[in-house]
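Note sheet for the following structure.
Only heavy atoms go into these numbers, but all of them, side chains included; no hydrogens, no water, no symmetry mates. None of these values were measured; they are calculated from a predicted model.
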Amino acid sequence: MTLESRFYAITVIIYRVLVANLLFILASLPLVTVGASLSGMIAVLQDTEDQKYWSVFWRAFRMSFWYSLPPVFFSVMSALFIHQFLGSVGKESLCQRRR
């Protein structure tokens, strides 16, 4: 079996996907970094030449970290607002039913 075989190419792709997913999960544990870790995962999956997945991931992560913070912050604040809004609407409707 040579390094140009189909089996070897498939195992390299599977290994790249597994490493990219592991790095994505580790980097997105603080939910604020989901956007930057997604960018890093995409960079690892697109880069076919470099075998240093760790450095490719963190390079893309650092480049997109500050750009991804405002949309993530807006999404988190929107989710909190909707949660609070639905919680207050639900309490008012329950109070009105009891009267």
Side-chain angles (χ1 to χ4, degrees):
M1 191 176 297
T2 64
L3 293 180
E4 272 77 39
S5 70
R6 181 176 278 175
F7 177 74
Y8 180 74
I10 290 172
T11 56
V12 167
I13 291 171
I14 291 172
Y15 177 72
R16 180 176 291 159
V17 169
L18 289 174
V19 169
N21 281 325
L22 179 67
L23 289 172
F24 174 76
I25 290 170
L26 289 176
S28 63
L29 282 178
L31 290 176
V32 178
T33 62
V34 168
S37 59
L38 183 63
S39 175
M41 184 176 76
I42 291 170
V44 167
L45 294 177
Q46 286 181 344
D47 190 11
T48 59
E49 299 298 321
D50 197 0
Q51 296 293 322
K52 299 176 184 174
Y53 305 126
W54 181 265
S55 63
V56 171
F57 180 86
W58 290 112
R59 187 179 327 120
F61 183 89
R62 278 179 284 171
M63 287 177 54
S64 65
F65 179 72
W66 293 109
Y67 295 113
S68 67
L69 281 182
V72 170
F73 178 75
F74 179 75
S75 298
V76 168
M77 296 312 275
S78 298
L80 289 174
F81 174 76
I82 290 171
H83 177 68
Q84 291 289 32
F85 179 74
L86 292 178
S88 66
V89 169
K91 289 178 184 176
E92 289 177 8
S93 63
L94 287 175
C95 293
Q96 291 175 354
R97 289 182 190 169
R98 290 182 185 171
R99 290 181 185 179

Worksheet entry | Side-chain hydrophobic cluster, 4.5 Å single linkage: members besides I14 | I10, L18

Discussion item. Give me the atom names and distance for the closest heavy-atom approach of L45 to A20.
Written reply: CD2-CB, 4.0 Å

Practice prompt. Enter the distance from L86:CG to F81:CZ here, rounded to the nearest 0.5 Å.
Written response: 9.0 Å

Discussion item. Assigning hydrophobic clusters by single linkage (Ile, Leu, Val, Met, Phe, Trp, Tyr; side-chain heavy-atom cutoff under 4.5 Å), is V34 placed with L26?
Written reply: no

Practice prompt. Measure from the ring center of W54 to the ring center of F57 and say whether it is less than 6.0 Å.
Written response: no

Worksheet item: Rounded to the nearest 0.5 Å, what separation is found between the OG atom of S28 and the CZ atom of F61?
Response: 9.0 Å

Discussion item. With clusters defined by side-chain heavy atoms of hydrophobic residues (ILVMFWY) lying less than 4.5 Å apart, directly or transitively, does L22 cluster with V19?
Written reply: no

Item to complete: Give, for atom CE of M41 and atom CZ of R16, the distance between the pair rounded to the nearest 0.5 Å.
Response: 13.5 Å

Worksheet item: In chain order, what residues pass the side chain to side chain contact (heavy atoms under 4.5 Å, CB included) check against L80, with sequence neighbours excluded?
Response: V76, M77

Item to complete: Check A36 against S68 and note the closest heavy-atom contact, atom names and distance.
Response: N-OG, 3.5 Å

Worksheet item: Can you name the closest pair of heavy atoms from V12 and Y53 and give their distance?
Response: CG1-OH, 4.3 Å

Worksheet item: side chain to side chain donor-acceptor pair (under 3.5 Å) with S39: which residues, sequence neighbours excluded?
Response: S64

Item to complete: Report the distance from atom CZ of F65 to atom CG of L69, rounding to the nearest 0.5 Å.
Response: 4.0 Å

